[in-house]
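Working notes, beginning with the structure itself.
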Amino acid sequence: ARPIAIGFIDMDCFYVAVERTRDDRLNGKPVAVVQYQPRAHGGVPDLPPGPVGDSSSRWVSTTNSGIIAVSYEARASGVTRNMTGADARKQCPAIVLIQVPTAFGKADLTIYKLSLIHI
């Protein structure tokens, strides 16, 4: 019989890991990825991922959008997925908040889906 192997993958940080792969300026910094909210809540309806190496077009200063992924550096400052971007900024002023890419008024998760093949 083959031995059973059990693995643990911390997918809570997955979106942050993808963003760091695309923009190495994020390495070592507290980072959180926030979900898209419709324009009425401050979201940007058509926000492409931007070129590899520069995700700054999706960096937001503050948002009431919920956090979907948190880096270990941000966690060390008390940031959790239960927070909004605005609450995370209060908890960790140095945090980089990145909105997921959007297209046609909806979240565009293509860059994350394409990254799944590397797991």
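Index from 1, following the sequence.
- Partners of T80 under the side chain to side chain contact (heavy atoms under 4.5 Å, CB included) rule, at least two apart in sequence or in another chain, are N82, M83.
- Residue pairs meeting the salt bridge (charged side-chain N to carboxylate O under 4.0 Å, His left out) criterion with at least one member in residues 60-74, sequence neighbours excluded: R20-E73.
- Taking A74 as the reference, P30, V70, S71, V79, I95 meet the side chain to side chain contact (heavy atoms under 4.5 Å, CB included) condition, with sequence neighbours excluded.
- Taking OH of Y112 as the start and CZ of F14 as the end, the distance is 9.0 Å to the nearest 0.5 Å.
- Looking at residues two or more places apart in sequence or on another chain, you find a side chain to side chain contact (heavy atoms under 4.5 Å, CB included) between K90 and D87.
- The two residues S65 and V34 make their nearest non-hydrogen contact at CB-CB, 4.1 Å.
- The hydrophobic cluster containing I4 also includes I6, under a criterion of side-chain heavy atoms closer than 4.5 Å among ILVMFWY residues, counted directly or through chains of members.
- Both I111 and V16 are members of a single hydrophobic cluster when ILVMFWY side chains are connected at heavy-atom separations under 4.5 Å.
- Of all heavy-atom pairs spanning L114 and I117, the tightest one is O-CG1, 3.1 Å.
- L97 approaches S61 most closely through the heavy-atom pair CD1-O, 4.0 Å.
- With hydrophobic clusters built from ILVMFWY side chains whose heavy atoms lie under 4.5 angstrom apart, V33 shares a cluster with W59.
- For I98 against S55, the heavy-atom pair with the smallest separation is CD1-OG, 4.3 Å.
- Every salt bridge (Lys or Arg N to Asp or Glu O under 4.0 Å) that D23 has, sequence neighbours left out, goes to R25.
- Here the OG1 atom belonging to T84 is positioned 10.5 Å from the CD atom belonging to Q35, to the nearest 0.5 angstrom.
- Among residues two or more places apart in sequence or in another chain, the side-chain hydrogen bond (donor to acceptor under 3.5 Å, both in side chains) test is passed with R22 by none.
- Scanning for salt bridge (Lys or Arg N to Asp or Glu O under 4.0 Å) contacts around R81 gives D12, with sequence neighbours left out.
- Take S77 and apply the side-chain hydrogen bond (donor to acceptor under 3.5 Å, both in side chains) test, not counting sequence neighbours, and it matches no residue.
- Listed by chain and number, the residues in a side chain to side chain contact (heavy atoms under 4.5 Å, CB included) with A107 are Y36, V100, L109 (sequence neighbours excluded).
- Listed by chain and residue number, E19 satisfy the salt bridge (Lys or Arg N to Asp or Glu O under 4.0 Å) test with R58 (two or more places apart in sequence, or in another chain).
- For R89, there are no salt bridge (Lys or Arg N to Asp or Glu O under 4.0 Å) partners, not counting sequence neighbours.
- Summarising the geometry, atom CD1 belonging to I68 is positioned 5.0 Å from atom OH belonging to Y15; distances are rounded to the nearest 0.5 Å.
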